[in-house]
Amino acid sequence: TKWGDANPNPGWDKYYAGKCDELVRCTEAGDLRCLESSGIPLCNLEVQQTGIDKPWQKVLGLAAAEGQLEVVKHFVLSPLRWWDMHAAVNDSGENVLHAAAAHGEHKIVQWLMEQGADARTTSDVGETAMDLAQGSQYPARTVGVLQTFAEKSTERLVAALRTNSGLKYEQMQSLLKGGADLTFVDEETQLTPLGLAVKNGIVEAADELLKANAPLSRVHPRTGHDILHMACDSGQYQLVDLIVEHGKKRQIDVVSSTTLQFEMTCLHLAAMNGRNGIAHLMLEAGTDVNALDWEGESALLKFARQVYGGGTAQAGLFARFMEKGADPNVRDKDGHTALFYAIDHNQPAATKILVEGGADTATVSTKVDQTTGQTVDVGAFEMAVSSGAREVAAWLVTSGRREKFTHTSLKGSRGGALSPLYAVVLQGWRDVALAMLKDGGAAEDVNAPNKDGSTALFVASQKGLDEVVSALLEIGRASCRERV
């Protein structure tokens, strides 16, 4: 026969049967010599010869239940590695820590916790060592041991995160296994352990705390921010991504939460602070793109207000807002829309995206009419001309998106009551002026004077815009020929 083959001798299995009874007897008696000389060897022989289930974990649980601390130590520290303090010792999914706690064996609980037992582990019915200890016949000491470990673990965890002292992975795991209370609120900072990790930008620690189901809904009493808002406001993209991911896993709607004081979502915070990556992340995470804060402002409006300069990333985010169904016509308390700010900041790409997405070009702002003293609407083209947004004005004209107006004033100038063409020529916008005069200036009153009586032809000649002068003169000659 070969090694491992069944013994060919009839009845040989009966000879070895029952040898593990000696292991049980030695364990109950706490007799280490008995275990070494007969209990373990004979039981191992029965296992090898008869193929019965290995009883090693069961006797580990038995030793804990019987209060045999030295036997528990002997098994757990055995070089044979047949006993695992983290594995189940019975059919209820309880491990040796559970067994010791359930029987009030506080000394064994103490030793197991010192060896790295995990106080968070639950049985098949969801009970922890603390739950079982509280239900034991003499719970006080055992509960006290577990509470002491939890308190010390919490204290060390909070201290390390508060000072950002470089908590290593192994240290973090040890503190979590010790039962660190992740709902604990640090008196000095009013933050939970996860809040401290986020505040100090400790991504690795935050990830482990999130995996350990650290609470996400704690709101800071002063700032009104929850965990996600803290990460958003400080621009911590990785942390925002982690929090959103864990929120989904736990089926918690973190992306819709709003700050306590100003009713802002993470998307609002990211948009107003120029955190483009986070804003994009929140859009993809399903944040309500049209949620309004306490002032009635949307995230798109806040984003448009803070965008200056060009850039494909910014234009891309404007496009993503619109693809997600953002309303471009939400107004702030001054009556300004996102289009107002896109024009005021000379953002041609953003203007195009907003207009093509349904932005109202007829009313982006208001002004007081210098003649009547009444408040009147300011359209997109007038806004572009008056604010010096040449590229925006050019696109509005060439795309046929401009609206009519009679007179305007230039931003930062005391002069006012300028006709549209005059205001364009005065700023030296040759391309815009020529676009306005296309097709013979049919859409323009080329001779419309300012309030002082001067015309576009006058200022074009002053500015040396020869092509514009020629176009105006040609329009004049054509008009004369028509009259003749």
Side-chain angles (χ1 to χ4, degrees), residues 119-120 122 126 128 130 147 149-165 167 171-270 272-273 275 278-279 281-282 285-288 291 293-294 299:
R120 303 167 299 171
T122 58
T128 63
M130 179 64 80
Q147 284 181 336
F149 266 91
E151 289 168 1
K152 288 182 178 179
S153 295
T154 303
E155 181 182 343
R156 291 168 185 166
L157 178 62
V158 169
L161 293 172
R162 188 196 299 130
T163 58
N164 196 2
S165 57
L167 193 65
Q171 295 172 313
M172 169 69 81
Q173 292 305 311
S174 175
L175 296 175
L176 293 175
K177 287 179 179 180
D181 181 5
L182 303 187
T183 66
F184 177 82
V185 178
D186 177 41
E187 185 176 352
E188 180 182 335
T189 62
Q190 287 297 299
L191 295 171
T192 61
L194 179 57
L196 288 167
V198 171
K199 175 179 179 291
N200 292 318
I202 315 173
V203 177
E204 296 81 3
D207 190 20
E208 293 305 316
L209 291 167
L210 286 165
K211 289 175 182 176
N213 291 324
L216 295 169
S217 58
R218 161 74 183 173
V219 175
H220 194 280
R222 180 178 60 80
T223 65
H225 288 188
D226 65 16
I227 297 298
L228 180 62
H229 301 140
M230 288 174 58
C232 288
D233 205 28
S234 58
Q236 297 281 356
Y237 180 92
Q238 285 182 281
L239 288 170
V240 171
D241 193 20
L242 282 172
I243 294 166
V244 170
E245 177 189 346
H246 282 277
K248 286 181 180 178
K249 288 180 179 178
R250 299 190 212 173
Q251 297 183 325
I252 300 173
D253 183 16
V254 296
V255 300
S256 298
S257 65
T258 59
T259 59
L260 195 61
Q261 281 91 339
F262 303 110
E263 299 175 23
M264 292 188 190
T265 63
C266 176
L267 182 59
H268 281 111
L269 294 169
M272 70 182 289
N273 291 318
R275 316 288 192 188
I278 294 177
L281 179 62
M282 297 312 296
T287 304
D288 180 1
D293 69 359
W294 71 296

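Treat the numbers as computed from the prediction; the structure is a model and nothing was measured.
One distance of note links CG of Leu209 with NE2 of His246; it measures 10.0 Å at 0.5 Å rounding. A distance of 10.5 Å separates CZ of Phe184 from OG1 of Thr192, quoted to the nearest 0.5 Å. The distance from the CD atom of Glu204 to the CG atom of Leu242 is 9.5 Å, given to the nearest 0.5 Å. Distance check, rounded to the nearest 0.5 Å: CD1 of Ile202 to CG of Leu196 gives 8.0 Å. Note that OG1 of Thr183 is 12.0 Å distant from CG of Leu194, once rounded to the nearest 0.5 Å. In this structure, OG in Ser217 is found 12.0 Å from CG in Leu228, a value given to the nearest 0.5 Å.
One N or O on the side chain of His268 and one on the backbone of Ala291 form a donor-acceptor pair closer than 3.5 Å. The backbone N or O of Leu175 sits nowhere less than 3.5 Å from a side-chain atom of Arg156 that would complete a donor-acceptor pair. The backbone N or O of Leu161 sits less than 3.5 Å from a side-chain atom of Asn200, completing a donor-acceptor pair. Side chain of Thr128 to backbone of Thr122: no donor-acceptor contact under 3.5 angstrom is found. Remark: side-chain polar atoms of Gln261 are paired, donor with acceptor, to backbone N or O of Arg222 under 3.5 angstrom. Judged by distance alone, the side chain of Asn273 and the main-chain N or O of Arg275 form no donor-acceptor pair under 3.5 Å. Judged by distance alone, the side chain of Arg218 and the main-chain N or O of Gln190 form a donor-acceptor pair under 3.5 Å.
With respect to Arg162 and Asp186, a salt bridge is recorded, a charged nitrogen being found less than 4.0 Å from a carboxylate O. With respect to Lys211 and Glu208, a salt bridge is recorded, a charged nitrogen being found less than 4.0 Å from a carboxylate O.
In terms of heavy-atom proximity, Ala206 sits nearest to Leu239 at CB-CD2, 3.5 Å. Thr259 approaches His229 most closely through the heavy-atom pair N-CE1, 3.4 Å. Across all their heavy atoms, Leu267 and Ala299 have their closest contact at CG-CB, 3.5 Å. Counting all heavy atoms, side chain and backbone alike, Gly178 lies closest to Ser153 at CA-OG, 3.5 Å. In plain terms, the two heavy atoms of Arg250 and Leu216 that are nearest each other are NH1-CG, 3.9 Å. Counting all heavy atoms, side chain and backbone alike, Ala279 lies closest to Ala270 at N-CB, 3.7 Å.
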Side chain to side chain contact (heavy atoms under 4.5 Å, CB included) between Leu176 and Leu182, worked out: CA-CA 9 Å; Leu176 293 175; Leu182 303 187; 4.0 Å; yes
Verdict with reasoning, Asp226 to Ser257, per side chain to side chain donor-acceptor pair (under 3.5 Å): CA-CA 8 Å; Asp226 65 16; Ser257 65; 2.8 Å; yes
CA sep, side-chain torsions, deciding dist, call: Ile278, Cys266, side chain to side chain contact (heavy atoms under 4.5 Å, CB included): CA-CA 8 Å; Ile278 294 177; Cys266 176; 3.9 Å; yes
Stepwise side chain to side chain contact (heavy atoms under 4.5 Å, CB included) test for Met282 and Val240: CA-CA 9 Å; Met282 297 312 296; Val240 171; 3.9 Å; yes
Worked verdict on Gln236 versus Asp241 for side chain to side chain contact (heavy atoms under 4.5 Å, CB included): CA-CA 9 Å; Gln236 297 281 356; Asp241 193 20; over 6 Å; no
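For Gln238, the CD atom sits in a loose shell: 12 or fewer heavy atoms of surrounding residues, nucleotides or ligands are nearer than 6.0 Å. Heavy atoms from other residues, nucleotides or ligands lying under 6.0 Å from CD of Glu245 number more than 12.
Residues Leu191 and Val158 fail the side-chain proximity criterion, which asks for heavy atoms closer than 4.5 Å. Here the side chains of Leu157 and Met172 are in contact, with some heavy-atom distance below 4.5 Å. Two residues are said to be in side-chain contact when any heavy atoms from C-beta on lie closer than 4.5 Å; Thr265 and Ser256 fail this criterion. Inter-residue side-chain proximity for Met230 and His220 is flagged as unmet; no heavy-atom pair is nearer than 4.5 Å.
For Phe262, the ring pair (Phe, Tyr, Trp, His ring centres under 6.0 Å) partners at least two apart in sequence or on another chain are Trp294.
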